[in-house]
S.K.: 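My questions all concern the structure below.
These figures come from a predicted structure and were not determined experimentally.
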Amino acid sequence: MGQLRSIIAGLVALILLSPLALVDAGDAAAARNNARPRPKPSPPAKCETPKLRIVVDVGHTPDSYGALSARNDPEFGFNFRLARLITAKLKSEGFAATRLLVTDGKARPSLFKRVGAANEGRADLFLSVHHDSVPDKLLETWEFDGARSYFSDRFSGHSLFVSQQNPHFATSLMLARMIGRQLKEQGLHYASQYTLPVMGRYRRQLLDKDVGVYRYDGLVVLSRTHSAAVLLEAGSIINRDEEMEMNSPERQEAVAGAVAAAMREFCGRR
């Protein structure tokens, strides 16, 4: 037994005096870490066109139809026709997961319905389609088809809105700028009146003076969506000339084409 203890003691002494035993704990840990294979960095997420979930929202509802045009047509009809065309255009361009969103009911409840639908569907991008009017104090009267009607030919053009309260504000702003640039390339101009004092409570901060992107934090569909979100006012239907243009297939195709081109550019940068 004594001889066995002597052998064990000798082995312990040899281990303690060996070069490996002289490596301190920090060096040993570093050696172990260096020996482990390092995980490769994840490549940046790429945009797969067929899988990009785009929600094209028809602004307003049949019950709460938005503004009336200069010829007494409800805004909802303009919104529906253009949003449906944009959806079809995006699908034809390969954005197969694009969805047209139509809601019903009164104004405010419908806003939360559409936000809920977009969030539950895990939308990647949300585009709400509208057509513009002006504050009531700027309206003038005229007669159309024997009925008293209202118009304002003073302003025209499209506009784009984003909310800084959106969790993806930077992405929303980037997409809005892309859409604005594409509309500009189509020869269309944006509505500049939102910076003017005459707009009163509708006055907005202009974020991009080149392509007409405005900040509008209070909009539910922009601030409450979990994805990047943009609201497009495609043109003024209270302006008598532009109302006719917004009803033309040429103008509708130009707007839909601009949106599709912007989505392609957006996807290309992902």
Side-chain angles (χ1 to χ4, degrees), residues 44-59 79 82-101 118 122-132 156-192 194-195 204-217 219 221-223 225-236 246 250-270:
K46 292 183 178 180
C47 177
E48 297 182 62
T49 302
K51 296 181 180 180
L52 189 68
R53 294 182 293 269
I54 304 171
V55 171
V56 181
D57 168 51
V58 178
N79 299 345
L82 181 57
R84 183 173 57 182
L85 181 61
I86 289 172
T87 301
K89 185 72 171 176
L90 288 171
K91 285 180 176 290
S92 72
E93 295 280 344
F95 294 95
T98 302
R99 174 188 172 192
L100 180 68
L101 178 60
R122 300 179 65 188
D124 296 309
L125 299 173
F126 182 90
L127 176 67
S128 190
V129 176
H130 290 253
H131 289 74
D132 217 350
S156 63
H158 60 268
S159 48
L160 294 142
F161 296 90
V162 293
S163 171
Q164 200 163 20
Q165 294 177 5
N166 182 280
H168 301 281
F169 170 65
T171 304
S172 302
L173 179 58
M174 179 176 72
L175 177 60
R177 281 173 165 156
M178 290 176 178
I179 296 173
R181 283 196 296 269
Q182 292 297 333
L183 289 168
K184 185 177 180 179
E185 287 186 12
Q186 293 284 347
L188 303 176
H189 70 275
Y190 75 84
S192 59
Y194 282 99
T195 61
R204 302 292 168 218
Q205 178 187 0
L206 183 60
L207 300 178
D208 192 314
K209 65 180 181 180
D210 183 47
V211 296
V213 180
Y214 294 90
R215 175 183 167 185
Y216 195 167
D217 289 345
L219 286 176
V221 294
L222 297 183
S223 61
T225 45
H226 296 166
S227 65
V230 176
L231 187 144
L232 167 65
E233 296 278 5
S236 176
M246 298 312 303
E250 294 79 11
R251 178 66 173 264
Q252 293 169 8
E253 286 286 348
V255 174
V259 171
M263 291 297 181
R264 289 196 305 271
E265 181 186 359
F266 177 87
C267 204
R269 293 196 181 187
R270 290 282 290 271

S.K.: Hey, could you give me the NZ/CZ distance between Lys89 and Phe95, rounded to the nearest 0.5 Å?
M.R.: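 One gets 12.0 Å once the value is rounded to the nearest 0.5 Å.
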S.K.: Identify the heavy atoms of Ser156 and His189 that sit nearest to each other, and give their distance.
M.R.: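 Nearest pair, atom of Ser156 first, then His189: OG-NE2, 2.9 Å.
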S.K.: Determine whether Leu101 and Phe126 make a side-chain contact, defined as any pair of heavy atoms from C-beta on separated by less than 4.5 Å.
M.R.: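 Leu101 vs Phe126: side chains touch.
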S.K.: Could you check whether any side-chain N or O of His130 sits under 3.5 Å from a backbone N or O of Asn79, counting only pairs where one atom can act as donor and the other as acceptor?
M.R.: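 Not at all, since once roles are kept as given, no pair shorter than 3.5 Å links the two residues.
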S.K.: Return a table of donor-acceptor pairs under 3.5 angstrom between the side chains of residues 227-235 and protein atoms on other chains or two or more places apart.
M.R.:
from: Glu233; atom 1: OE1; to: His131; atom 2: N; distance (Å): 3.3
from: Glu233; atom 1: OE1; to: Asp132; atom 2: N; distance (Å): 3.1

S.K.: Within 45° of the axis and under 6.0 Å from the centre of the six-membered ring of Tyr216, does NZ or CZ of Arg204 qualify?
M.R.: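 Ring-cation test returns yes.
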S.K.: How many angstroms lie between atom OH of Tyr214 and atom OG of Ser159, to the nearest 0.5 angstrom?
M.R.: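 If we round to the nearest 0.5 Å, Tyr214:OH and Ser159:OG are 6.5 Å apart.
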S.K.: Kindly give the heavy-atom pair with the smallest separation between Val162 and Ser172, and that separation in Å.
M.R.: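 Answer, listing the atom of Val162 first, then Ser172: CG1-O, 3.6 Å.
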S.K.: In plain terms, say whether Lys51 and Asp124 are close enough for a salt bridge, that is, a side-chain N and a carboxylate O under 4.0 Å apart.
M.R.: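 No.
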S.K.: Quick one: NZ on Lys91 to CD1 on Ile54, what's the gap to the nearest 0.5 Å?
M.R.: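 Going from the NZ atom of Lys91 to the CD1 atom of Ile54 covers 9.5 Å.
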S.K.: For Leu90 and Ala260, work out which heavy atoms get closest and say how close.
M.R.: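 Heavy atoms only, the tightest pair is CD2-CA, 3.7 Å.
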S.K.: What's the spacing between Gln164 CD and Leu207 CG if we round to 0.5 Å?
M.R.: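 Going from CD on Gln164 over to CG on Leu207, the span is 8.0 Å.
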S.K.: Salt bridge check, Arg269 against Glu265: does any charged N sit closer than 4.0 Å to a carboxylate O?
M.R.: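 Salt bridge between Glu265 and Arg269, a charged N being under 4.0 Å from a carboxylate O: yes.
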S.K.: Between CG of Leu127 and OG1 of Thr87, what distance do you get to the nearest 0.5 Å?
M.R.: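 Interatomic distance, Leu127 CG to Thr87 OG1, rounded to 0.5 Å: 8.5 Å.
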S.K.: Within the side chain of Arg53, is there an N or O that forms a donor-acceptor pair under 3.5 Å with the backbone of Arg122?
M.R.: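 Indeed, once roles are kept as given, a pair shorter than 3.5 Å links the two residues.
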S.K.: For the residue pair Phe161 and Leu222, what are the closest heavy atoms and their distance?
M.R.: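 Scanning both residues completely, I find the closest heavy atoms to be O-CD1, 3.5 Å.
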S.K.: What I'd like to find out is whether the side chain of Asn166 reaches to under 4.5 Å of the side chain of Ser223, using heavy atoms alone.
M.R.: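 Sidechains of Ser223 and Asn166: no contact.
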S.K.: Drop me the distance from Arg215's CZ to Phe169's CZ, to the nearest 0.5 angstrom.
M.R.: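 Nearest 0.5 Å value for the CZ-CZ distance: 7.0 Å.
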S.K.: Report yes if some heavy atom in the side chain of Leu183 is under 4.5 Å from a heavy atom in the side chain of Val211; otherwise report no.
M.R.: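 No, their side chains stay 4.5 Å or more apart.
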S.K.: Looking only at heavy atoms, which two atoms of Leu52 and Ala97 are closest? And how far apart?
M.R.: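 What the structure gives for the nearest pair is O-CB, 3.5 Å.
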S.K.: How close do Gly94 and Thr49 get, counting heavy atoms only, and between which atoms?
M.R.: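 For Gly94 versus Thr49, the nearest heavy atoms are O-CG2, 3.2 Å.
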